[in-house]
Amino acid sequence: LMACLQSAAQKYVDSNPVELLKKAFWQLVDLNHQGQTSTPGSSTACLAVVDSESHNMTVCNVGDSGLLVVSETSKGDYSVTFKTNAQQTAFNAPLQLTLFPPDKSGKGGHALDPTNQADSSTVPLSRGDCVIIATDGALDNLFSDEIVSIVKEYRSGGAQRIADGIVNAAYRASLRSDTSTPFSVEAQRAGKFHVGGKPDDITVLVGIV
């Protein structure tokens with residue numbers, strides 16, 4: 001999916017992230033139907049495009065990965081000034097781009113394209129803003145204020161240091177069974193008993209404006 005997205009981004013330079021994701025997904029579907037690849041499955045996606053002239057960032061999010069912007073306040077502290085919304089079809093069941101496997105006859109599987117339901121926003125950026133894109137392995141295990149504290153602690157070390165700090169903190173939290181996490185809060189809201197973190201894949205990208 002991301003390889004197709006890279007191709008679409010180079011070909012459709014003026015497209016917004018929602019359009020790019022849609023084009024990339026259907027390119028992947030076509031490749032499967034043509035027998036050039038076989039990649040049934042499903043995926044969430046979070047994309048951001050920054051316009052260097054307007055200093056605006058356009059965000060597209062499908063599912064429970066997400067993006068945060070952490071900005072420095074006038075008093076020298078830090079706060080979340082933007083955050084995408086997670087999209088769930090039910091508890092722990094995120095909205096996903098889906099390519100179903102072929103049927104018994106070998107005919108190519110059908111596809112589910114939820115890009116028309118994507119959470120899309122345009123966000124103004126300022127110098128020094130910290131843009132964080134993360135999978136649910138991070139966002140299910142760390143509250144926003146915990147991420148802000150990590151940004152504040154490692155800001156002087158640059159983007160890589162912040163990303164490492166978030167990954168390490170999310171991993172530690174995912175293994176705990178004696179603390180509150182975003183995942184445990186949502187579980188309780190859904191009428192399920194869960195205390196602690198959620199072991200999951202953790203991917204974090206950080207950029208500083």
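All figures in this text were calculated on a predicted structure; none of them were measured in a lab. Each residue takes its place number in the sequence, starting with 1.
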Side chains of [X] and [Y] in contact at under 4.5 Å (non-hydrogen atoms):
X      : Y      : result
Thr58  : Ser121 : no
Gln6   : Gln10  : yes
Phe193 : Gln188 : no
Glu146 : Phe143 : yes
Leu1   : Phe25  : yes
Asp200 : Asp136 : yes
Asp64  : Gln88  : yes

Donor-acceptor contact below 3.5 Å, side chain [X] vs main chain [Y]:
X      : Y      : answer
Ser42  : Leu97  : no
His33  : Gln36  : no
Ser149 : Asp145 : yes
Asn61  : Thr84  : no

**Request:** Kindly determine whether Glu186 and Phe91 satisfy side-chain contact (heavy atoms from CB on, under 4.5 Å), including the steps that lead there.
**Result:** CA-CA 7 Å; Glu186 289 303 314; Phe91 170 68; 4.0 Å; yes
**Asked** What is the distance from atom CG of Leu142 to atom CD1 of Ile150, rounded to the nearest 0.5 Å?
**Response**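 Going from the CG atom of Leu142 to the CD1 atom of Ile150 covers 5.5 Å.
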**Request:** Mind checking the SG-CG spacing from Cys4 to Leu28? Nearest 0.5 Å is all I need.
**Result:**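 If we round to the nearest 0.5 Å, Cys4:SG and Leu28:CG are 4.5 Å apart.
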**Message:** Using 30° and 60° as the class boundaries, would you call the ring planes of His110 and Phe100 parallel, tilted or perpendicular?
**Reply:**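 Parallel.
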**Request:** List in chain and number order the residues that pass side-chain hydrogen bond (donor to acceptor under 3.5 Å, both in side chains) with Ser65, two or more places apart in sequence or in another chain; answer none if no residue qualifies.
**Result:**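 For Ser65, the residues satisfying side-chain hydrogen bond (donor to acceptor under 3.5 Å, both in side chains) (neighbours in sequence not counted) are Thr44.
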**Request:** Quick one: which residue pairs count as a salt bridge (Lys or Arg N to Asp or Glu O under 4.0 Å) with a foot in residues 66-94, not counting sequence neighbours?
**Result:**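 Checked against salt bridge (Lys or Arg N to Asp or Glu O under 4.0 Å) - neighbours excluded - the pairs reaching residues 66-94 are Asp77-Lys152.
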**Request:** Sort and list the pairs that fulfil salt bridge (Lys or Arg N to Asp or Glu O under 4.0 Å) and have at least one residue in residues 16-43, not counting sequence neighbours.
**Result:**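 Listed by first then second residue: Lys22-Asp113.
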**Request:** Take Ser177 and Val195 through the side-chain contact (heavy atoms from CB on, under 4.5 Å) test and state the conclusion after the steps.
**Result:** CA-CA 6 Å; Ser177 58; Val195 179; 5.9 Å; no
**Prompt:** When you look at CG of Asp201, are more than 12 heavy atoms from neighbouring residues, nucleotides or ligands closer to it than 6.0 Å?
**Reply:**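 Not more than 12 within 6.0 Å, no.
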**Request:** Kindly indicate, with the supporting measurements, whether the criterion side chain to side chain donor-acceptor pair (under 3.5 Å) is fulfilled by Asn32 and Ser38.
**Result:** CA-CA 5 Å; Asn32 275 265; Ser38 178; 4.7 Å; no
**Message:** Test question: given the 4.5 Å side-chain rule for I, L, V, M, F, W and Y, name all other residues clustered with Val69, or answer none.
**Reply:**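 ILVMFWY cluster around Val69 also holds Val50, Met57, Val59, Leu67, Phe82, Val123, Leu125, Val131, Ile133, Leu205, Val209.
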**Item:** Residue pairs fulfilling side chain to side chain donor-acceptor pair (under 3.5 Å) with at least one residue in residues 122-133, sequence neighbours excluded
**Value:**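 Sorted pair list: Ser71-Asp129.
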**Asked** Yes or no on side chain to side chain donor-acceptor pair (under 3.5 Å) for Lys192 and Asn92, after CA distance, side-chain angles and deciding distance?
**Response** CA-CA 11 Å; Lys192 303 178 184 296; Asn92 202 29; over 6 Å; no
Please report, to 0.1 Å, the donor-acceptor pairs under 3.5 Å made by any side chain of residues 163-175, with sequence neighbours excluded.
{"residue": "Asp164", "atom": "OD1", "partner": "Gln160", "partner atom": "NE2", "Å": "3.0"}
{"residue": "Asn168", "atom": "ND2", "partner": "Asp164", "partner atom": "O", "Å": "3.1"}
{"residue": "Ser174", "atom": "OG", "partner": "Tyr171", "partner atom": "O", "Å": "2.6"}

**Message:** Test side-chain contact (heavy atoms from CB on, under 4.5 Å) on Leu21 and Val62; report intermediate values, then the result.
**Reply:** CA-CA 10 Å; Leu21 183 58; Val62 174; 3.9 Å; yes
